[in-house]
Amino acid sequence: MRDELSRRAMLGLGAAALLSTRGGAQPGDGVGFAVVGLGKLSQGQILPAFRTCRSARLAALVSGHPEKAHRLAAEQKLPESAVYSYERFDRIAADPRIEAVYIVLPNFLHADYTIRALKAGKHVLCEKPMATSVADAERMVAAAKAANRKLMIAYRCQYEPLNLYGMRLMRRGALGRPRLVVTNMGRQSDLADPSDAWRLDMRMSGGGALADMGIYGINGARYLLNEEPVAVRAWAQTARRDPRFRSVEDLIAWEFRFPSGAISTGTTSFDQAGTMAWEVYGTRGKMVADPGCFYGGNRLAVSAGPGDGQPKIAEVDQFAREMDWMGDIVRGRAPMVSPGEEGLQDMRLIRAILESVARGGATVPTDFGYRRAVDPAKAVRA
Ligand code: NAD
């Protein structure tokens, strides 16, 4: 009992991060993950990341393409029995090798597969955006509660050292009182690329560039300021003749108002040079992360009096880190930092931005009552 109490106290204080990054994992006790959807992200980042994981290990693959799935399974040294089709997906319930499921499907499939995995008794790590509608996101949160299983949304930047460094500067007040957060997340898109085709379809993506990349700016402003916006107004610039933008908006600019008086302006586009950058201006200093949310090569410049300069921040494999974090949550060694509710908050904010766009920039209230339970700046060790 006493041990349990002190363990909980430690989790509350964020000491779990010490355990998880300093070898709390024993060899062989990694949580077995099934990866669902073997597209660009899974093949390019997630499967390779398992090699460096300590608290997570690859246990199964779920795919609609048997040839690809068996080829990748052989490469990953998984047995044939660890390959599931979508039709056989629910049979994972009877497979003890699988403890958690990582959903890496197009956005419109996240809710269905997350809920099925939870019903099968598995924990779920789900890619962002967690769904294509607020209603689906709410169903996912409810399903996790009903199943008494963990649902974590894969907000990799909340576990990434440069972003954590920036959060900690903010928490220490190193820039003075925060006034303005500027985020710009976008790139060129290509309708001929199947991986972009669904992103350019409103039904499948839930919001084009906003749902795919703008969400990093929405989430970033919230974790940098450590507060939730109370209102938003937004407008879009979309060339409907461009076949890429038949159903989704292209360039969207929004402005969030925060209770502290800070403002965050965000922009996103699928017809611009690639960037994932953020800037923060306080009363006494500023910091610029450009890029701030790439898989690697992020750079931070801080101008805050004695703290001036470009801090050297170690790079990590962001996907290994978040899968290890999920593994540590399942093993009771780490607190939940980015739960379903965190993803639901972004879904509500995406909906509010699109509502404001549709209403010609009208102010839309956004205080949905959500407050972050665990601050990554305190819980996650950089
Ligand atoms: P992708 O299109 O390359 O891969 C999706 C996979 O799902 C493909 O293998 C495809 O065959 C499969 N699929 C199954 N059913 C499908 C259907 N009905 N229609 C279309 N595809 C179907 O996409 P991706 O770039 O790998 O993205 C997957 C998810 O990961 C998305 O939710 C995306 O937002 C997220 N993502 C996150 C990051 C990050 O940095 N965290 C980066 C890229 C993508």
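All of these numbers come straight from a predicted model, not from anything done at the bench. No hydrogens, no waters, no symmetry mates; every other heavy atom, side chains included, goes into these values.
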Under 4.5 Å between side-chain heavy atoms, hopping through other hydrophobics if needed: is there a path connecting Tyr370 to Ile153?
-> no
Going by an N to O cut-off under 4.0 Å, is there a salt bridge joining Asp196 and Lys40?
-> no
For residues Asn226 and Arg171, report the shortest heavy-atom separation together with the two atoms involved.
-> CB-CZ, 3.5 Å
Could you tell me whether Asp212 and Lys128 have a side-chain N and a carboxylate O separated by less than 4.0 Å?
-> yes
Min side-chain heavy-atom separation Ser133-Phe108 under 4.5 Å | no
Determine, for Arg372 against Glu342, whether the closest basic-nitrogen to carboxylate-oxygen distance falls under 4.0 angstrom.
-> yes
Is the side chain of Gln76 donor-acceptor paired with the backbone N or O of Leu78 at a distance under 3.5 Å, no angle test?
-> no
Quick one: list whatever passes salt bridge (charged side-chain N to carboxylate O under 4.0 Å, His left out) with Asp201, sequence neighbours left out.
-> none
Taking every non-hydrogen atom, the tightest pair across Leu118 and Ala144 | CD1-N, 3.5 Å
Ignoring hydrogens and angles, state whether a donor on the side chain of Tyr102 or Ser42 is under 3.5 Å from an acceptor on the partner side chain.
-> no
Main-chain N/O of Ile98 paired to Lys122 side chain as donor or acceptor, under 3.5 Å | yes
Minimum side-chain heavy-atom gap Phe256-Ile353 below 4.5 Å | yes
Spell out, as yes or no, whether a donor-acceptor pair under 3.5 Å connects the side chain of Arg199 to the backbone of Ser205.
-> no
Other residues, nucleotides, ligands: >12 heavy atoms within 6.0 Å of Asn148 CG = no
Answer yes or no: does atom CD of Glu75 have more than 12 heavy-atom neighbours from other residues, nucleotides or ligands under 6.0 Å?
-> yes
Under 4.5 Å between any side-chain heavy atoms of Val380 and Arg321, yes or no?
-> yes
Measuring from Asn219:CG to Arg156:CZ, what's the distance to the nearest 0.5 Å?
-> 11.0 Å
Do you reckon Val141 sits in the same ILVMFWY cluster as Met152, going by side-chain contacts under 4.5 Å, direct or chained?
-> yes
SB check Arg139 Asp136 (cutoff 4.0 Å) = yes
Would you tell me whether Arg97 and Ser81 have side-chain atoms, one donor and one acceptor, within less than 3.5 Å of each other?
-> yes
Euclidean distance, Leu125 CG relative to Phe33 CZ, rounded to 0.5 Å = 5.5 Å
Atom CD of Gln237 with >12 non-hydrogen neighbours under 6.0 angstrom = no
Report yes if the side chains of Arg203 and Thr132 come closer than 4.5 Å at any heavy-atom pair, otherwise no.
-> no
Go through the side-chain N and O atoms of Ser338 and Gln158 and say whether any donor and acceptor fall under 3.5 Å apart.
-> no
Report whether Ile103 and Leu47 are members of the same hydrophobic cluster (ILVMFWY, side-chain heavy atoms less than 4.5 Å apart, transitive linking).
-> yes
Would you say Val31 and Ile329 make side-chain contact, with heavy atoms under 4.5 Å?
-> no
Check the pair Tyr155, Glu322 against side chain to side chain contact (heavy atoms under 4.5 Å, CB included), reporting the backbone distance first and the verdict last.
-> CA-CA 8 Å; Tyr155 283 118; Glu322 65 185 355; 5.7 Å; no
Under the 3.5 angstrom rule, does the side chain of Asp250 hit a backbone N or O of Ser269 as a donor-acceptor pair?
-> no
Do Tyr223 and Val316 share a hydrophobic cluster (ILVMFWY, side-chain heavy atoms under 4.5 Å, transitive)?
-> no
Counting distance only, does the side-chain N/O of Thr283 pair as donor-acceptor with the main-chain N or O of Gly176 below 3.5 Å?
-> no
Going by heavy atoms in the side chains, are Tyr86 and Leu105 under 4.5 Å from each other?
-> yes
Does one hydrophobic cluster hold both Val83 and Val35, with members joined at side-chain heavy-atom distances below 4.5 Å?
-> no
Heavy atoms from other residues, nucleotides or ligands near CZ of Arg240 exceed 12 (cutoff 6.0 Å) | yes
Within 6.0 angstrom of Arg57 CZ, more than 12 heavy atoms from elsewhere | yes
Under a 4.0 Å N-O cut-off, is there an ion pair linking Arg116 with Asp112?
-> yes
Ignoring hydrogens and geometry, is there a side-chain-to-backbone donor-acceptor pair from Thr268 to Ala209 under 3.5 Å?
-> yes
Atom CH2 of Trp235: over 12 foreign heavy atoms under 6.0 Å | no
Residue that, paired with Trp278, satisfies side-chain hydrogen bond (donor to acceptor under 3.5 Å, both in side chains) out of Asn184, Asp290, Asn163 = Asn163
Flag for Arg333-Ser55: side-chain donor and acceptor within less than 3.5 Å = yes
Joining Ile, Leu, Val, Met, Phe, Trp and Tyr whenever any side-chain heavy atoms lie under 4.5 Å apart, the cluster holding Val288 also takes in none
Is the NZ atom of Lys286 crowded by more than 12 outside heavy atoms at less than 6.0 Å?
-> no
With no hydrogens and no angle check, is any side-chain donor or acceptor of Arg331 less than 3.5 Å from a backbone partner on Asp29?
-> yes
Does a salt bridge link Glu355 with Arg233, judged by any charged N lying under 4.0 Å from a carboxylate O?
-> no
So which residues get pulled into Ile263's cluster when ILVMFWY side chains under 4.5 Å apart are joined, directly or through others?
-> Leu180, Val182, Tyr281
Flag the pair Glu67 and Arg71 as a salt bridge only when some basic side-chain nitrogen lies within less than 4.0 angstrom of an acidic carboxylate oxygen.
-> no
Taking Thr114 for the side chain and Met140 for the main chain, is one N or O donor matched with an acceptor at less than 3.5 Å?
-> no
So, the side chain of Ser356 versus the backbone of Val364: is there a donor-acceptor pair under 3.5 Å, distance only?
-> no
In Å, rounded to the nearest 0.5 Å, how long is the span from CE of Met185 to CZ of Phe270?
-> 13.0 Å
Can you tell if the side chain of Tyr159 reaches within under 4.5 Å of the side chain of Asp324, non-hydrogen atoms only?
-> no
Strictly by modelled atom types, are Arg244 and Gln188 linked by a side-chain donor-acceptor pair under 3.5 Å?
-> yes
Decide yes or no on side chain to side chain contact (heavy atoms under 4.5 Å, CB included) for Ile252 and Leu354, but give the supporting numbers first.
-> CA-CA 9 Å; Ile252 302 183; Leu354 292 176; 4.0 Å; yes
Under the side chain to side chain contact (heavy atoms under 4.5 Å, CB included) criterion, do Asp317 and Phe50 qualify, and how do the steps go?
-> CA-CA 10 Å; Asp317 183 318; Phe50 276 106; over 6 Å; no
Side-chain contact test, heavy atoms from C-beta onward, threshold under 4.5 Å: evaluate it for Ile215 versus Ile350 and give yes or no.
-> yes
Go through the steps for Arg348 and Glu341 under the test salt bridge (charged side-chain N to carboxylate O under 4.0 Å, His left out), then give the verdict.
-> CA-CA 10 Å; Arg348 291 188 167 133; Glu341 288 83 351; over 6 Å; no
Do Gln318 side-chain atoms and Tyr295 backbone N/O form a donor-acceptor pair below 3.5 Å?
-> yes
Leu210 vs Glu249, side chain to side chain contact (heavy atoms under 4.5 Å, CB included): CA-CA, chis, key distance, verdict | CA-CA 8 Å; Leu210 179 65; Glu249 301 292 352; over 6 Å; no
